[in-house]
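Data first, discussion second: the structure below is written as structure tokens.
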Amino acid sequence: MKTLNIVESAYRATLEEQDDTIVWLTHAMKGAGAKIDVLMRGNAVSYVVRGQKVPPLAFGARQQRMSPRLLEDVAGLIAKGVAVYVVNEDLVERGIERTDIIDGPIPLVRSDLPELLDKYPRVWHW
């Protein structure tokens with residue numbers, strides 16, 4: 001059974017961890033043989049922007065050196081054969097041009113969402 005993971009809450013738990021928990025979960029599930037795809041919407045569309053660098057973050061003397069590499073994580077999903085969709089209007093609302101994103105994500109317009117959702121018997125929204 002195919003599953004669509006919708007990632008809308010961006011940067012969930014990335015302060016404590018090195019990756020987005022849902023992107024990581026999708027990697028793990030795909031590695032275990034799941035038929036799974038991802039839709040990035042809202043602030044999560046920023047995960048596909050080229051050239052992202054997250055500098056280390058410090059709280060007093062405590063420094064978090066293992067910064068998230070979300071762009072690499074999403075590119076890895078695409079390399080594994082996971083379809084990664086991005087909502088075009090969400091890119092535009094954030095000033096992200098199509099030329100700013102990596103190769104591989106499939107842009108779609110909001111009005112195409114019902115048709116996309118209908119293709120998946122299981123939809124998880126994060």
Side-chain angles (χ1 to χ4, degrees):
M1 181 180 312
K2 278 197 95 155
T3 301
L4 180 67
N5 266 341
I6 301 175
V7 181
E8 185 167 7
S9 296
Y11 307 101
R12 176 193 315 258
T14 57
L15 185 60
E16 299 90 10
E17 299 292 333
Q18 294 81 31
D19 46 34
D20 177 284
T21 52
I22 303 312
V23 174
W24 176 89
L25 177 67
T26 303
H27 269 282
M29 291 180 70
K30 181 65 175 177
K35 296 175 183 165
I36 193 161
D37 294 324
V38 176
L39 167 65
M40 301 285 181
R41 63 177 302 174
N43 288 331
V45 298
S46 64
Y47 286 9
V48 299
V49 175
R50 294 179 195 275
Q52 295 184 48
K53 299 258 191 276
V54 179
L57 181 63
F59 294 95
R62 169 76 172 106
Q63 190 172 34
Q64 168 59 293
R65 293 190 168 112
M66 298 297 293
S67 59
R69 296 185 178 142
L70 298 168
L71 181 64
E72 293 172 23
D73 293 341
V74 173
L77 287 175
I78 293 167
K80 285 183 174 180
V82 173
V84 175
Y85 301 93
V86 293
V87 177
N88 191 55
E89 289 90 339
D90 292 337
L91 292 169
V92 170
E93 287 170 4
R94 286 152 184 83
I96 302 170
E97 302 286 334
R98 290 257 183 106
T99 56
D100 295 336
I101 68 173
I102 60 171
D103 295 331
I106 304 161
L108 50 87
V109 294
R110 280 189 190 130
S111 62
D112 290 339
L113 289 177
E115 184 178 332
L116 177 69
L117 296 176
D118 194 46
K119 294 178 183 178
Y120 293 88
R122 203 169 24 210
V123 177
W124 297 335
H125 188 231
W126 306 95

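The chain is numbered in sequence order, starting from 1.
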Between [X] and [Y], is there a shared hydrophobic cluster once you connect ILVMFWY residues whose side-chain heavy atoms come closer than 4.5 Å?
{"X": "Val87", "Y": "Ile101", "result": "no"}
{"X": "Val38", "Y": "Leu108", "result": "no"}
{"X": "Val84", "Y": "Ile96", "result": "yes"}
{"X": "Ile22", "Y": "Val82", "result": "yes"}
{"X": "Leu91", "Y": "Ile106", "result": "no"}

Identify the heavy atoms of [X] and [Y] that sit nearest to each other, and give their distance.
{"X": "Val23", "Y": "Tyr47", "value": "CG2-CE2, 4.0 Å"}
{"X": "Gly42", "Y": "Asp90", "value": "N-OD2, 2.8 Å"}
{"X": "Pro105", "Y": "Val86", "value": "CB-CG1, 4.1 Å"}
{"X": "Asp37", "Y": "Ala83", "value": "OD1-N, 2.9 Å"}

From CA spacing to verdict: side chain to side chain contact (heavy atoms under 4.5 Å, CB included), Lys2, Lys119: CA-CA 8 Å; Lys2 278 197 95 155; Lys119 294 178 183 178; over 6 Å; no
Listed partners of Arg122 passing salt bridge (charged side-chain N to carboxylate O under 4.0 Å, His left out), at least two apart: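 Salt bridge (charged side-chain N to carboxylate O under 4.0 Å, His left out) check on Arg122 returns nothing, list empty.
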Partner set under salt bridge (charged side-chain N to carboxylate O under 4.0 Å, His left out) for Glu72, not counting sequence neighbours: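 Glu72 satisfies salt bridge (charged side-chain N to carboxylate O under 4.0 Å, His left out) with no other residue.
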State the [atom1]-[atom2] distance between [X] and [Y], to the nearest 0.5 angstrom.
{"X": "Lys30", "Y": "Leu77", "atom1": "NZ", "atom2": "CG", "answer": "9.5 Å"}
{"X": "Asp73", "Y": "Ile78", "atom1": "CG", "atom2": "CD1", "answer": "11.5 Å"}
{"X": "Trp124", "Y": "Leu4", "atom1": "CH2", "atom2": "CG", "answer": "10.5 Å"}
{"X": "Leu71", "Y": "Ile102", "atom1": "CG", "atom2": "CD1", "answer": "5.0 Å"}
{"X": "Met29", "Y": "Asn5", "atom1": "CE", "atom2": "CG", "answer": "6.5 Å"}
{"X": "Met40", "Y": "Ile6", "atom1": "CE", "atom2": "CD1", "answer": "11.5 Å"}

Side-chain heavy-atom pair Val7, Thr26 within 4.5 angstrom cut-off: no
Side chain proximity check, Leu113 to Leu39, heavy atoms < 4.5 angstrom: yes
Criterion side chain to side chain contact (heavy atoms under 4.5 Å, CB included) on Arg98 and Asn88, from CA distance to verdict: CA-CA 9 Å; Arg98 290 257 183 106; Asn88 191 55; 3.2 Å; yes
Atom NZ of Lys80 with >12 non-hydrogen neighbours under 6.0 angstrom: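 More than 12 heavy atoms, drawn from other residues, nucleotides or ligands, come within 6.0 Å of this atom.
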Electrostatic pair Asp103-Arg50, nearest N-O below 4.0 angstrom: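 Here Asp103 pairs with Arg50 in a salt bridge, since their nearest N and O are under 4.0 Å apart.
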